[in-house]
J.: 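Quick one: structure below, then a few questions.
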Amino acid sequence: MKKMSRILVAVLCLMVLVGCISPAFAATAPFTSYTYSMDGEPMLSPDAYVPERIISNYDIGISELKAAKDLFFDNEGNLYISDTGNNRVIVCDDNFKVQFEIANFTNEHGVPDSLNSPQGLFVTNELIYVCDTNNSRIVCFDHAGNFAKIIYAPKADVMGEDTIFHPVALSVDASGGMYIVSDQTYSGIFSLAADGSFLGFIGAQKADVPLATRIRRLIFPDVTAEEYVTATYNNCAIDADGFLYVTTNDIDDETLSSAIKSGNKEYAPVKRLNSKGDDIMKRNGFFIPAGEIAIDGGMNASSSSTSGPSSIIDVALGENGMWTIVDNKRCRLYTYDGDGNLLFAFGDKGAQLGNLSQPTAIAYRGSSLYVLDASLNSITVFKRSVYGDIIAQALRHTEDREYDKALADWEEIRKANNNFDSAYIGIGTNLYRQGEDVEGAYEESLMYFESAGDVTSYSTSFKAIRKAWVEKYVFVVIIVIVVLCVVLSKFLKYVGKKNKEGITKLGKRTLWEEFLYGFYLIMHPFDAYWDLKHEKRGSVKGALLIDALVVVSYIYYTVGRSYIFNPSKGHVNIIFSVLTVAAPLMLWCVANWCLTTLFDGEGNFKDIFVASSYALFPLFIFIIPVTLCTNIASLDEAKIISLVLTISFVWLGMLLFFGMATTHGYSMGKNILITAATLLGMMFIMFIIMLFTNLIQQMVSFITDIVTEVSLRG
């Protein structure tokens, strides 16, 4: 009895302890952290950041914030807040206690002046730069809050009369040059010298003009058409190398969604600009850095009520190449590395610690993230977790070229988050960088790149392996090439001899001779197609053999290509492979026979089938060698592989065209018309087949329903 009582007491204590601990863990992160797979599926991730505290006006020692727009940390850790609704800038020390406020001042003319809806902030070692937005100017103060100077709206002939200077954000480079975002300027970012003189616009966005409008403007250049303006920027940040990160949420949802799917950087919501305004951002991830990928879904509560691409309103630059953007539509943060790989996403709407309502700005202070919320009138502090520290450490070790340490870091990250594709890429990358010093590192890296679906990196490692193999077996490679050339030369001589003998041969030809005739036909289509029809150099058996060889070649092409050229290898469907060749061939033959019967064609269905089948011969010749070459080629040679395949299909089309002209005795003009009509006929037959199939399905469904109803009533 006593033993049972002790057990019950222990269970009760454990239940109480779990009840106490669970809320604490639940409050740690009221959101789900995740990344994205190569297929665009959100994958759960450990929390890289957890909410630490909220800094309110009471903590700072000021009256309530009102529609605050920006925050900035200087090199000493002091905090600057643009309290836009209260027309002031608040300066706090590194403990977040107010030092002074900037609202009213005496300008350079000795006249009392004041800020009007200040927004963007930037602080250098000498000056505090404030975007005095509604006054259309930049006002500068020293670190004691004393007025220093005013940068007025620049003037230049290239600006045009419709250019409005309405600064909302700015960044300052090491020389004092300013990059200013104006929310009503469509020409790009204002670039000003330290004295305020206008240098030019950089980074102008591309207008999304529909294709139909472009064609209409091309045909009717003098007709007034719709006007399409470029997207405006909304924020910016400058890195230690002087490159400018800019963001926009002015791209329409349809264009942005298309850019995310296609990887089109022209309409990317985040760009990294050099001094000339060229976008130099690395986008080596599965998707361009644009925030949410599953735009009609996601991992957090806000996803159920929010759709469409992210609305990016600010970017913050951290250590080791990490940078973070904030989506004020979903109240979510997305962190990327220097190569554009998504490291983690977190955040959600709500009122709990760690949730946001209307984020307007984001900044790093050390490893912590600070998010200004204009609706909650506070700053939420997110502290980096142990998991996040390991990611940052891996990036730092990679940047410092300590690849063995970075490899250990990524291994630890993979163990903590097996869904994290970037961890596999990180392991593979560091193995590759150790490849020359560690035996088997290149080969091992292939496995990790393949697991992450990183074809580009896989190709890079494969090139290193190929180079080492060729250097080791260079004489073997030379001998193999020479032997292949000799064998090919002798085979072609044999083919030429057999085809020459076939000219004078009488009687029935063997299947082998009919097959070899294909080599002559692809080089001499006019003479060969005439002999094919009138001299019976080919037959239905020979045509079927060629069709079968093309099917086999296609099957081998499906399964025989290397991972670089076929990342999504799957099971072979023999029936589908046969139909891939047979269906277009039969559609062509039927459509051509139907038309040529009406328009005085000399060939019958058998002639059309034989001629069309022999036209497929280039596919058999090219597909197998191309497939073999994919196993020794890298992505650098992909264009050559594509070119060879394109040549084979163009060759096929030419043979088909000339073959039909010879078979039916058509002139060039008439053959062009019949060929075009045949293609339309193929489409019509396909439509009829689909319509008939749908009708059969409906009939079967109707009969099945009747039988089911009768059986139930019976």
Side-chain angles (χ1 to χ4, degrees), residues 33-38 42-43 45-49 237-241 243 245 247 260 263 265 268-272 279-293 310 312 314-327 332-347 362 364 366-369 382 384-403 405-414 416-417 419-433 445 448-449 451-454 456-457 460:
S33 298
Y34 59 97
T35 58
Y36 276 101
S37 69
M38 63 179 295
M43 309 292 287
S45 169
D47 292 324
Y49 275 88
I238 194 165
D239 64 17
D241 297 321
F243 297 113
Y245 286 74
T247 61
I260 292 172
K265 67 178 184 179
V270 189
K271 295 183 178 181
R272 187 183 187 221
D279 182 12
I280 59 170
M281 176 174 284
K282 293 181 180 179
R283 297 180 176 89
N284 298 329
F286 301 130
F287 305 93
I288 63 172
E292 200 63 39
I293 302 303
S310 294
I312 308 303
D314 197 9
V315 56
L317 309 180
E319 57 187 4
N320 307 314
M322 296 171 67
W323 52 279
T324 301
I325 54 178
V326 58
D327 174 10
R332 199 167 297 166
L333 286 73
Y334 305 83
T335 297
Y336 300 85
D337 65 12
D339 288 325
N341 296 299
L342 178 65
L343 299 176
F344 43 81
F346 66 95
I362 182 174
Y364 276 95
S367 62
S368 296
L369 278 166
F382 294 92
R384 200 164 66 192
S385 67
V386 174
Y387 174 74
D389 287 339
I390 300 173
I391 292 178
Q393 181 175 282
L395 295 176
R396 184 177 70 253
H397 284 150
T398 300
E399 192 174 291
D400 295 340
R401 300 185 179 183
E402 297 179 310
Y403 302 128
K405 294 181 180 179
L407 181 60
D409 293 332
W410 285 116
E411 285 283 7
E412 190 171 351
I413 293 167
R414 185 180 65 87
N417 183 10
N419 295 327
F420 191 27
D421 288 335
S422 289
Y424 291 90
I425 295 173
I427 295 170
T429 300
N430 285 280
L431 283 168
Y432 166 76
R433 287 168 175 165
S445 70
Y448 288 99
F449 288 137
S451 297
D454 189 348
T456 302
S457 298
T460 303

J.: Could you work out, with salt bridge (charged side-chain N to carboxylate O under 4.0 Å, His left out) as the rule, every residue matching Asp409, not counting sequence neighbours?
T.: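 Testing Asp409 for salt bridge (charged side-chain N to carboxylate O under 4.0 Å, His left out), a comparison that skips the adjacent residues, returns none.
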J.: Without swapping roles, check the side chain of Trp323 against the backbone of Thr335 for a donor-acceptor pair under 3.5 Å.
T.: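 It does not hold such a pair.
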J.: Would you please classify the geometry between the Tyr448 ring and the Tyr424 ring as parallel, tilted or perpendicular, with 30° and 60° separating the classes?
T.: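 The arrangement is tilted - the two ring planes meet at 30° to 60°.
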J.: With Pro289, which of Met281, Lys271, Lys265 fulfils side chain to side chain contact (heavy atoms under 4.5 Å, CB included)?
T.: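 For Pro289, the side chain to side chain contact (heavy atoms under 4.5 Å, CB included) check succeeds only for Met281.
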J.: Determine whether Leu343 and Tyr336 satisfy the following criterion, side-chain contact (heavy atoms from CB on, under 4.5 Å), listing intermediate values before the conclusion.
T.: CA-CA 5 Å; Leu343 299 176; Tyr336 300 85; 5.7 Å; no
J.: Taking atom CE of Met43 and atom CG of Asp421, what is their separation to the nearest 0.5 Å?
T.: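 Atom-to-atom, Met43:CE and Asp421:CG are 7.0 Å apart.
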J.: To the nearest 0.5 Å, tell me how far Asp454 CG sits from Met38 CE.
T.: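 One finds 9.0 Å between CG of Asp454 and CE of Met38.
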J.: Are the side chains of Tyr334 and Ser310 in touch, meaning some heavy atoms are under 4.5 Å apart?
T.: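 Touching, per the 4.5 Å side-chain cut-off.
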J.: Less than 4.5 Å apart, any side-chain heavy atom of Tyr245 and any of Ile325?
T.: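 Sidechains of Ile325 and Tyr245: no contact.
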J.: Any sub-3.5 Å donor-acceptor pair from Asn320's side-chain atoms to Met322's backbone N or O?
T.: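 Answer holds: no.
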J.: Any donor-acceptor pair under 3.5 Å linking the side chain of Ser385 with the backbone of Asp47?
T.: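 Pair found, side chain donor or acceptor close to backbone of Asp47.
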J.: Could you report the tightest heavy-atom contact between Pro46 and Ala416, atom names first, then the distance?
T.: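 Smallest heavy-atom distance, with atoms named: CG-O, 3.5 Å.
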J.: Show your working on side-chain contact (heavy atoms from CB on, under 4.5 Å) between Ile391 and Ile413 and close with a plain yes or no.
T.: CA-CA 7 Å; Ile391 292 178; Ile413 293 167; 3.8 Å; yes
J.: Please name all residues satisfying side-chain hydrogen bond (donor to acceptor under 3.5 Å, both in side chains) with Thr398, sequence neighbours left out, ordered by chain then number.
T.: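 So Thr398 forms no side-chain hydrogen bond (donor to acceptor under 3.5 Å, both in side chains) with any residue.
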J.: For Asp314 and Ile362, indicate whether the former's side chain and the latter's backbone hold a donor-acceptor pair under 3.5 Å.
T.: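 Side chain of Asp314 to backbone of Ile362: a pair is present.
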J.: Could you list the residues that satisfy side-chain hydrogen bond (donor to acceptor under 3.5 Å, both in side chains) with Arg384, not counting sequence neighbours?
T.: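 Partners of Arg384 by the side-chain hydrogen bond (donor to acceptor under 3.5 Å, both in side chains) criterion, ordered by chain and then number, come out as Glu319, Asp389.
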J.: Please confirm whether the backbone N or O of Asn341 pairs with a side-chain atom of Asp339, one donor and one acceptor, at under 3.5 Å?
T.: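 Such a contact is absent between Asp339 side chain and Asn341 backbone.
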J.: Stepwise, does the side-chain contact (heavy atoms from CB on, under 4.5 Å) test hold for Tyr34 with Asn417?
T.: CA-CA 10 Å; Tyr34 59 97; Asn417 183 10; over 6 Å; no
J.: What's the shortest heavy-atom distance between Arg332 and Gly347, and which atoms?
T.: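 Here Arg332 and Gly347 meet closest at NE-O, 3.5 Å.
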J.: Would Thr324 and Tyr49 count as a side-chain contact (heavy atoms from CB on, under 4.5 Å) if you check the C-alpha gap in whole Å, the side-chain angles of each, and the deciding distance to 0.1 Å?
T.: CA-CA 12 Å; Thr324 301; Tyr49 275 88; over 6 Å; no
J.: Any side-chain heavy atom of Phe346 sitting closer than 4.5 Å to one from Ser45?
T.: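 Side chain of Phe346 against side chain of Ser45, heavy atoms only: no contact under 4.5 Å found.
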J.: Check Tyr403 against Arg433 and note the closest heavy-atom contact, atom names and distance.
T.: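 For Tyr403 and Arg433, the tightest heavy-atom pair comes out as CE2-CD, 3.1 Å.
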J.: With a 6.0 Å cut-off on ring centres, are Tyr432 and Phe449 close enough?
T.: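 Distance test on ring centres: not under 6.0 Å, no.
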J.: Give the minimum heavy-atom separation between Leu317 and Val315, together with the two atoms involved.
T.: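 That closest heavy-atom pairing would be CD2-CG2, 4.2 Å.
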J.: Crowded around Gln393 CD? As in, over 12 foreign heavy atoms under 6.0 Å?
T.: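 Atom CD in Gln393 is packed in, count exceeds 12.
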J.: Taking NZ, NE, NH1 and NH2 as the nitrogens, is one of them in Lys405 or Asp400 under 4.0 Å from a carboxylate oxygen of the other?
T.: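 No, this pair does not count.
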J.: Could you grab the distance from atom CD1 of Ile425 to atom OG of Ser445, nearest 0.5 Å is fine?
T.: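 Between Ile425 CD1 and Ser445 OG, I get 12.0 Å after rounding to 0.5 Å.
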J.: Side-chain contact test, heavy atoms from C-beta onward, threshold under 4.5 Å: evaluate it for Ser422 versus Leu342 and give yes or no.
T.: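 A side-chain contact under 4.5 Å is absent here.
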J.: Once you measure the plane-to-plane angle for Phe287 and Tyr36, does it fall in the parallel (<30°), tilted (30-60°) or perpendicular (>60°) bin?
T.: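 Perpendicular: the ring planes of Phe287 and Tyr36 meet at over 60°.
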J.: Indicate yes or no: does Glu399 engage Arg396 in a salt bridge with an N to O separation below 4.0 Å.
T.: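 Salt bridge absent between Glu399 and Arg396.
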J.: How many angstroms lie between atom CD of Glu412 and atom CG of Leu407, to the nearest 0.5 angstrom?
T.: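 Spacing of CD (Glu412) from CG (Leu407) equals 12.0 Å.
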